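Below is one structure; the comments refer to it alone.
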Amino acid sequence: MTISSTDTMTTDATRLARRGQATGIAIALSSALMFALSGPFAKSLLDAGWSPGAAVLVRIGGAALVLLVPTILSLRGRWRTLRRSSKVIALYGTIAIAGAQVGFFNAVSYMSVGVALLIEYLAPVLLVLLVWAQTRRRPGVRTIVGTVIAILGMVLVLDLTGAQTVHPIGVAWALLAAVSLATYFVLGTKISDDLPPLVLAGGGLVVGTVVVGLCGVIGLLPLAFSAADVTMLSLQMSWLVPILSLALISTAAAYVTGILATAKLGTRIASFVGLSEVVFAVLASWLLLAELPGVLQLLGGLGILIGVILVRADTYTPAAATTRTNRVTPR
């Protein structure tokens, strides 16, 4: 039996595709891990006297500087495309970046990193409920089941039995982060295909930095900085460690690897792999800060993840969360 050259080429192409997908998954997991570290890094600063607004400003401002040159180079003279997308970039930077970060960092000042992130990840469920209310079109069965499971998981995460304290103000901030993330999904359908994802990320970070800075100057967002040492891994270390880690690792590197992963895997697979951020965040908080949610909260978190997976896997997908969502992770 002879093997034709066509069969050989097909086999080689399949192997290359599998290898490329494996590489993409590894990159996506790396991105999720780097994003997940932002919570523990920020929490160490908050415990040392930083305000959430100050931590957000330094994080996104530092990342904006790091990505400034690559962002300009990726434009390649497409200034007309940038002008056409200026409103989307402005909204993306204001809501998806500044709003999500301010909400999340304020939330972790009242509750554990894992619980705050789990509540934020209700964004796809919130989006389904919004689209359902607006269009009066019933979602698919898996979407409905996933939404119910996620809501039940939310109840467990809040731990109404009182075994774990969950501050209502913290919940409000985490829900603001979830709404900001849901808004990002809506903006995803309005992004021009000609706009490079790195330009969206870099431009959004610049806008977000300006918005947070202005809110701090006019007094809407307290900006309190501190040069005191921080505590991580039960060790005292300079405040520069979490600051540089936030800007370089959990923002700049995380965005770039997220873009690369999406290019290799496509938005749908990349978004599923991105759910691992919650698991990484819980583990990182446990290892770096000795912070672990209670048993009921962990079960609730599992329910939220299962619910979100069902929502994303259903054939029914809200118009605002289709093909271009997760081109650039807003966190």
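From a predicted model like this one, the values you see are computed outputs, not experimental measurements.
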| said: Can a donor-acceptor pair be found, under 3.5 Å and without considering hydrogens, that links the side chain of Q297 to the backbone of V157? | reply: yes
| said: Hydrophobic cluster membership, with links at side-chain heavy-atom distances under 4.5 Å among I/L/V/M/F/W/Y: are L118 and V179 in one? | reply: no
| query | Distance from L126 atom CG to E120 atom CD, nearest 0.5 Å? | reply | 11.0 Å
| request: Could you tell me which non-hydrogen atom of D229 sits nearest to which non-hydrogen atom of S238, and how far apart they are? | output: OD1-CA, 3.8 Å
| said: Checking the side chain of S51 only, and the main-chain atoms of A224 only, is there a donor and an acceptor separated by less than 3.5 Å? | reply: yes
| query | Does the side chain of S112 come under 3.5 Å of the side chain of E291 through a donor N or O and an acceptor N or O? | reply | no
| request: Can you see which heavy atom on M34 is nearest to which on A254, and at what distance? | output: CB-CB, 3.9 Å
| said: So K43 and F105, do their side chains get closer than 4.5 Å, heavy atoms only? | reply: no
| task | Nearest 0.5 Å please: distance from the CE atom of M232 over to the CZ atom of F41. | result | 5.5 Å
| query | Can you name the closest pair of heavy atoms from A281 and V113 and give their distance? | reply | CB-CG1, 4.4 Å
| message | Just checking W50 against F225, ring centres under 6.0 Å apart? | response | yes
| request: Would you name the heavy atoms of G303 and I149 that are closest together and state the gap between them? | output: O-CG2, 3.3 Å
| note | Closest heavy-atom pair, T257 versus S31, reported as atoms and distance to 0.1 Å, is OG1-CB, 3.2 Å
| Any side-chain heavy-atom pair of V256 and L67 under 4.5 Å | yes
| Under a 4.5 Å side-chain heavy-atom rule over Ile, Leu, Val, Met, Phe, Trp and Tyr, are L91 and L181 clustered together? | yes
| Are F35 and Y255 near enough that their ring centres are under 6.0 Å apart? | yes
| request: Quick one: closest heavy-atom pair of V66 and A252, and the distance? | output: CG1-CB, 3.8 Å
| Any donor-acceptor N/O pair, T71 side chain to V199 backbone, under 3.5 Å | no
